[in-house]
Amino acid sequence: AAALTGSAKSTWASFLKSIASFNGDLASMTAPPFILSKTSLVEYSAYWTEHPKLFVAPAKEQDPEKRALLVLKWFLSTLKQQYSSRSEKLGSEKKPLNPFLGELFLGHWEDEEAGKTELISEQVSHHPPVTAYSIFNEKHGVKLQGYNGQKAGFASMTINVKQVGIARLRLEKWDEEYLITLPALHIEGLVYGSPFVELEKSTIIQSSSGFFAKIDYTGKGWVGGKSNSVSAELYDNKTGKLLYTISGQWTKELVIKKAKTEVERFEHGDKNPTTGLTIKPIEEQDPLESRRAWAKVGAAIDKGDYDETGIEKSKIENAQRDLRKKEKEEGTTWERRYFTAVDKVDEVDALVERAGKFMKTVLGLTPISMDEPAKTNGVWVFDTKKYEDVVSGRKAEEVRRAGETVLE
Ligand SMILES: CCC(=O)OC[C@H](C)CC[C@H]1O[C@H]2C[C@H]3[C@@H]4CC=C5C[C@@H](O)CC[C@]5(C)[C@H]4CC[C@]3(C)[C@H]2[C@@H]1C
């Protein structure tokens with residue numbers, strides 16, 4: 001992106017100075033107008049499934065080893081959307097709107113082969129910010145649920161972000177579950193006023209059928225490396241045998257090898273177009289749905305009217321503060337519409353334990369421990385009872401009342 005000029009340069013310079021006194025809470029930073037996005041962070045859950053065909057492919061594969069490879073392939077195909085789609089579309093990473101507690105993002109993908117895949121994303125915590133989501137395709141019995149928050153730090157002109165939370169993929173037909181941990185990232189390019197995400201360190205995928213993947217992320221700075229590089233290894237837990245490797249750039253092309261021979265090359269970008277998410281027109285949305293709730297802020301950002309953006313944002317933020325104060329006085333808490341926080345999930349603990357054992361005994365690595373990925377306020381799970389109560393209309397009164405609390 002072109003280097004900054006004139007006033008943008010000076011506001012960016014003062015912004016960089018402000019980051020230097022960064023306290024770790026990304027949302028609290030006031031970024032200059034040109035870096036503000038009108039998209040709320042609650043929308044980012046959609047990045048998991050913009051290729052519905054890849055998302056449902058594992059369900060149709062009866063060989064468990066090939067299923068594990070298809071899950072790894074789907075996961076790697078989400079990285080470009082998750083971490084570089086804004087830079088590609090908007091020229092740089094942007095600062096998303098900080099979702100209010102209870103903010104919703106609902107939609108579905110319609111795909112001729114995969115059928116309907118539904119998305120439910122809810123901001124289940126504001127302090128610290130935690131987004132929970134459930135993405136499911138009934139036709140193929142594929143269900144993804146997860147939650148994530150961010151712990152950020154600032155060092156040598158780079159924002160370092162550690163993700164907390166996990167993703168869980170369930171294949172009903174095979175009674176199989178996959179635990180997926182989330183990559184750490186850092187924001188490069190701040191000094192040029194054109195920030196972009198680079199992934200780092202490593203994540204794992206552990207399947208209940210006995211397959212384990214380790215995924216390592218490196219960037220340009222790495223020894224002779226290219227930006228957005230990834231190298232994944234898929235193992236058989238039982239034999240410790242390395243079955244497949246997938247490597248390349250998660251923004252461009254990845255190569256799958258079985259042992260040493262190439263078996264497939266798959267592309268991202270125009271050869272692998274994403275499916276558009278269908279969401280209701282704003283006037284039909286629930287008041288808590290993100291694009292309706294932030295409509296006035298979004299309009300101000302589109303106009304580049306920084307003052308109006310600030311005024312409309314603080315109206316929402318003040319309404320939220322009043323709501324929290326009222327709940328405190330009444331001794332009530334906000335009812336999460338679709339998710340519940342629990343202390344632990346046995347299936348998740350079993351997968352973490354299995355992965356940890358494999359990492360230690362076969363790979364000689366430090367095993368992941370559950371408190372590591374899940375360090376938010378509990379393990380957030382999709383509550384199908386709550387979901388059915390909403391869909392059936394049994395919760396219509398609570399839904400209506402909740403909508404009235406959001407400033408229109
Ligand atoms: C806070 C200082 C500031 O505003 O700097 C402006 C710069 C745009 C850099 C900070 C923002 O960069 C954004 C990138 C966002 C992550 C992108 C993708 C994901 C994956 C998704 O599944 C979960 C959320 C996550 C981790 C985003 C979290 C928020 C990030 C780091 C934004 C930063 C505020």
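Indexing begins at 1, ligand by ligand and atom by atom, following the structure's order. Along the sequence shown, residues are numbered consecutively beginning with 1.
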- Message: Less than 6.0 angstrom separating the ring centers of Phe136 and Tyr387, yes or no?
- Response: yes

- Query: Looking at Phe358 versus Tyr235, is the centre-to-centre ring distance below 6.0 Å?
  - Reply: yes

- Query: Do the non-hydrogen side-chain atoms of Tyr338 and Leu104 ever get within less than 4.5 Å of each other?
  - Reply: yes

- Query: Taking the six-membered ring for Trp, is the centroid-to-centroid distance between Trp250 and Tyr217 below 6.0 Å?
  - Reply: no

Give a table of atom pairs where an N or O of ligand 1 lies under 3.5 Å from a protein N or O.
unit_1	atom_1	unit_2	atom_2	d
ligand 1	22 (O)	Gln82	OE1	2.8

- With side chains defined as the heavy atoms from C-beta onward, is the minimum distance between Gln123 and Pro129 less than 4.5 Å? yes

- Query: Are Lys94 and Phe34 in a cation-pi setup, meaning NZ or CZ lies under 6.0 angstrom from the ring centre and within 45 degrees of the ring axis?
  - Reply: no

